[in-house]
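This one's a predicted model, so the numbers in the text were calculated from it and none came from an experiment. Each ligand, and each atom within it, is numbered from 1 in the order the structure gives.
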Amino acid sequence: MTRPRVFVARRLPDAGLAPIAAECDVDVWPDRLPPPADELRKRVAGCVGLVSLLTDKVDAALLAAAPTLKVVSNFAVGVNNVDLPAATVRKIPVGNTPGVLTDATADIAVTLLLAAARRLGENSTDAKEGRWITWEPTGWLGCDLVGRTVGIVGMGRIGFATAKRLHHGWGMKVLYTARSPKPDVDRELGAKHVDFDTLLAESDFVSVHADLNPTTTGMFGAEQFRQMKRTAVFVNTARGPHVDQPELAAALRAGTIFAAGLDVTDPEPLPPSHELFTLPNCIIAPHVASATTGTRDAMARLCAANLLAGVRGERLPHCVNPQVYE
Ligand code: GLV
């Protein structure tokens, strides 16, 4: 019997690749860099399953070129690289990997928040480059965390895990935006659902956890940075396009806000010559929020489970366009 043919757009941890290979005829893209669009199109044509990464654009043209495709399994929780309406029209379920990367991502949000607040990028570079000449009473002063206010933009799983760490660890007061108030969160963290303007004005730390969609793209621009406190620290572990980057750079340069910690940028990778890398009050990580061995293994297992369910014609354990089943 012929085995279902699937394309896997990068080498995944074995925890995901092994179960896929046990059932399918697998073509794994061998390079470190993503397949170019025309190569992706060629490889997916004739496949029943595709494992994509957030760096692979799964658009209407790609789906049209793959009439036998029965499932797209994205190796990420975010699915902004996939044209969901186009997949839904074709009745192709799209899977993602929620839950398993929540803790790792919240850990990076807190890491960046601390690093930006305590100027770790700047002072460790200074130390390495010979500018640590003595212990100075007023050198490299950062901001305290205890008892301050964090504003969580998008109180989903990751926003909640981040808020929990900051509330229970540093006694922070939690404000948040979400489509509607979340009584459980309010109860557990003493948190308060507020409008975006209030969050910006009252928070000492602002951490972004919203989905990227047309209403959240560019939601942080000049006006929003102006509304924040001059002492505020801005953290983004969601998606780069939430932020108008030239305006963030301008705000950091002018001292409109104190500092920023970013795990995501636009574009990715950010060119090494980019202005944000030159600003001492901006610390940038190369989109590593889910990058722990355990988390990537768990993502790979979930990604394989989604793919295999789709290949077998079963409902995906985590499907972002369940309308395909209606
Ligand atoms: C990473 O950014 C993800 O969406 O999983």
- Message: Please list, in number order, the atoms of ligand 1 under 4.0 Å from a heavy atom of Arg239.
- Response: 1 (C), 2 (O), 3 (C), 4 (O)
- Task: Kindly compute the distance separating OG1 (Thr265) from CG (Leu248), expressed to the nearest 0.5 Å.
- Result: 11.0 Å
- Item | Backbone or side-chain N or O of Val77 under 3.5 Å from ligand 1 N or O | yes
- Classify the contact between Leu101 and ligand 1 as side chain, backbone, both or neither, using a heavy-atom distance cut-off of under 4.0 Å. side chain
- Message: Salt bridge check, Lys229 against Asp204: does any charged N sit closer than 4.0 Å to a carboxylate O?
- Response: yes
- Are the charged groups of Arg239 and Asp211 less than 4.0 angstrom apart, N to O? no
- Message: So, regarding Gly78 and ligand 1 (criterion: nitrogen or oxygen to nitrogen or oxygen, under 3.5 Å), is there a contact or not?
- Response: yes
- Here the atoms of ligand 1 under 4.0 Å from any heavy atom belonging to Leu54 are 1 (C), 2 (O)
- Query: Counting from 1, what ligand 1 atoms have a heavy atom of His287 closer than 4.0 Å?
  - Reply: 1 (C), 2 (O)
- Show your working on side chain to side chain contact (heavy atoms under 4.5 Å, CB included) between Met228 and Phe205 and close with a plain yes or no. CA-CA 9 Å; Met228 288 165 61; Phe205 302 92; over 6 Å; no
- Note on the structure: All heavy atoms of Cys282 vs all of Leu252, minimum pair found to be CB-CD1, 3.8 Å
- Item | Proximity of Val264 to ligand 1 by residue part, where a heavy atom lies under 4.0 Å | neither
- Tell me, do Leu54 and His287 make a side-chain contact under 4.5 Å, heavy atoms counted? yes
- Task: Please determine if Asp126 and Arg131 form a salt bridge, counting it only when a charged side-chain N lies under 4.0 Å from a carboxylate O.
- Result: yes
- Atoms in ligand 1 flagged as close to Ala76, the criterion being non-hydrogen separation under 4.0 Å: 3 (C), 4 (O), 5 (O)
- Task: Using distance alone, determine whether Thr97 and ligand 1 share an N or O pair under 3.5 Å.
- Result: no
